[in-house]
Amino acid sequence: MQVKIVSENFDIPDAYTLKVAQENGRYSTIEKLFSMNPEDVTEEVVKSGLRGKGGGGAPCGPKWKLMPKDDPRPSYLIVNGDESEPGTFKDRQIFEYDPHLLIEGIICTSYAMNIHEAYIYIRGEYKFWSDRVDAAIEEAYEAGIIGEKVMGNDFSLNITVHRGGGAYICGEKSALIESLEGKRGHPRLKPHQKECEWFFGNPATVNNVETIASVPYIVANGSDAYREFGTKSSPGTMLFAMSGPVKNPGVYELPFGTKMIDFINTLGGGMQDGKKLKALIPGGSSCPILTAEEVENAVLDYESMWDIGSTLGTGGMIVIDDSANMVEVAKNLIEFYHHESCGQCTPCREGTGWIDKILKNVLEGSGSEEDLNTILDVCGTMNGKTICVFAPAVSDIITSIVKKFRSEFILEFNKN
Ligand SMILES: Cc1cc2nc3c(=O)[nH]c(=O)nc-3n(C[C@H](O)[C@H](O)[C@H](O)COP(=O)(O)O)c2cc1C
Ligand code: SF4
């Protein structure tokens with residue numbers, strides 16, 4: 001069931017060191033890379049159908065093409081390793097077990113877009129992982145893999161690691177750039193037309209860690225090889241994280257199109273003894289929840305998840321068993337989002353706080369059916385009216401829990 005493209009070296013002892021990494025294929029794509037035109041590298045990534053793994057699933061190659069051509073300003077690659085969403089813990093596997101794959105991916109991506117400065121933005125709490133990446137970058141500089149002449153080629157590349165300050169919203173690409181510019185991590189208003197990002201007024205591309213780590217395979221083997229896995233519209237693989245009361249929680253690389261229940265029952269080992277599957281949040285905590293019946297039919301690709309009213313997100317699956325109180329699940333989530341709202345937009349800042357207060361009352365036994373209508377109403381005001389998609393995502397997950405598990409909220413009303 002597993003297909004190891006990004007995770008190929010995860011089980012090799014010490015593969016995070018340059019010596020072992022090189023013995024196991026790292027940097028072997030660079031010779032081929034520099035024999036290609038940068039435009040051809042981008043075309044190959046377009047043809048591969050590689051989609052961003054940071055949550056939105058945007059096609060990667062077309063995004064690279066948004067970078068202006070022949071622009072006199074310096075351009076930047078910003079690698080998003082903020083990974084702060086509950087249930088999502090895949091990028092840190094790359095940092096920990098194969099940081100040289102990420103560096104190789106950064107070289108390929110930078111060459112394709114004629115970029116000479118790259119930043120890796122790492123979650124503030126990820127001290128261990130940030131140190132590991134720093135050590136790998138240092139080794140790469142010392143070996144001449146990056147720096148003035150990338151592996152002896154007439155191409156320079158610097159890579160800098162930046163650790164965030166611990167705010168979930170700094171994973172949103174424009175908030176991340178604000179933070180990297182030394183400002184408060186507030187998302188920016190987006191233009192209607194598609195364009196690249198802007199870092200200190202210079203063209204920039206933001207990609208997720210896993211997206212970048214997928215590029216060397218495509219450069220080395222070609223787009224057709226990548227398309228051998230997955231589905232027509234969701235080609236390739238993804239690192240799926242599984243947490244909760246299953247026998248073997250962890251991170252597994254699977255081709256898109258895998259049945260969710262097969263994944264849970266095989267690699268996940270099934271539910272722990274005495275536990276029954278009740279619900280599942282599929283792609284990090286901001287994706288609409290699935291009931292156990294929906295999980296039976298769910299397929300792990302972007303389109304299939306949209307078809308059943310949820311999203312694939314980051315692939316971080318949170319398994320919930322029948323001992324969980326779904327009102328407590330909703331309260332736990334809203335506390336997080338209330339705390340993490342950046343506060344720029346009234347519907348988000350106030351809405352998350354109101355829902356938090358209402359659910360507190362419900363759990364204290366003083367709720368009523370009217371409260372559920374108020375929650376749904378507040379969720380309605382959070383959807384489509386804010387600067388970034390944080391608020392709509394919160395609205396979707398809370399609405400889905402209230403609608404699918406309404407009876408559990410009613411039980412709380414009747415406790416007193
Ligand atoms: C609230 C919020 C948090 C996000 N957090 C992350 C994150 O931690 N890592 C990430 O790669 N993308 C995150 N994203 C998505 C980024 O804005 C962006 O789409 C992504 O980094 C682009 O890379 P990709 O196309 O390779 O997926 C977040 C988006 C939102 C709205
Ligand atoms: S939706 Fe929320 S997190 Fe996003 S900009 Fe508005 S207040 Fe900030």
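Counting starts at 1 for both ligands and their atoms, in listed order.
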Using a 3.5 Å cut-off on N or O atoms only, is [X] in polar contact with ligand 1?
{"X": "Tyr168", "value": "no"}
{"X": "Asp91", "value": "no"}
{"X": "Gly171", "value": "yes"}
{"X": "Gly54", "value": "yes"}

Which atoms of ligand 1 sit under 4.0 Å from any heavy atom of [X]?
{"X": "Val206", "value": "21 (O), 22 (C), 23 (O)"}
{"X": "Gly52", "value": "24 (P), 25 (O), 26 (O), 27 (O)"}
{"X": "Val389", "value": "31 (C)"}
{"X": "Lys53", "value": "26 (O), 27 (O)"}

Looking at non-hydrogen atoms alone, which of Arg123, Glu83, Lys63 comes nearest to atom 8 (O) of ligand 1? Glu83
Which option, Thr211, Asn208, Ile177, owns the non-hydrogen atom nearest atom 11 (O) of ligand 1? Asn208
Would you call the rings of [X] and [Y] parallel, tilted or perpendicular, taking 30° and 60° as the class edges?
{"X": "Tyr27", "Y": "His100", "value": "perpendicular"}
{"X": "Tyr126", "Y": "Phe95", "value": "perpendicular"}
{"X": "Tyr302", "Y": "Phe256", "value": "tilted"}
{"X": "Tyr119", "Y": "Phe199", "value": "perpendicular"}

Identify each donor-acceptor pair in which a side-chain atom of residues 158-168 lies under 3.5 Å from a protein atom, sequence neighbours left out, and give them as a table.
from, atom 1, to, atom 2, distance (Å)
Asn158, OD1, Tyr141, OH, 2.9
Asn158, ND2, Glu117, OE2, 3.1
Arg163, NE, Gly124, O, 3.1
Arg163, NH2, Gly124, O, 2.9
Tyr168, OH, Glu85, OE1, 2.5

Would you mind reporting whether Asp154 and Lys149 have side-chain heavy atoms less than 4.5 Å apart? yes
If you have a sec, work out which protein heavy atom is nearest [atom] and how many Å separate them, to one decimal?
{"atom": "atom 21 (O) of ligand 1", "answer": "Asn80 ND2, 2.9 Å"}
{"atom": "atom 29 (C) of ligand 1", "answer": "Glu172 CA, 3.7 Å"}
{"atom": "atom 17 (O) of ligand 1", "answer": "Lys173 N, 2.9 Å"}

So does [X] pair up with [Y], basic N to acidic O under 4.0 Å?
{"X": "Glu335", "Y": "Lys331", "value": "yes"}
{"X": "Lys32", "Y": "Glu104", "value": "no"}
{"X": "Glu83", "Y": "Arg92", "value": "no"}

Which atoms form the tightest heavy-atom contact between Lys278 and Phe405, and what is the distance?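 Heavy atoms of Lys278 and Phe405 come nearest at O-CZ, 4.2 Å.
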Can you list the protein N, O or S atoms less than 2.8 Å from atom 2 (Fe) of ligand 2? Cys348 SG
Is it the case that the side chain of Arg132 and the backbone of Glu96 share a donor-acceptor pair, with hydrogens and angles ignored and the cut-off at 3.5 Å? yes
Is it true that, when you exclude Glu23 itself, more than 12 heavy atoms of the residues, nucleotides or ligands shown sit nearer than 6.0 Å to its CD?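 Above 12, so yes.
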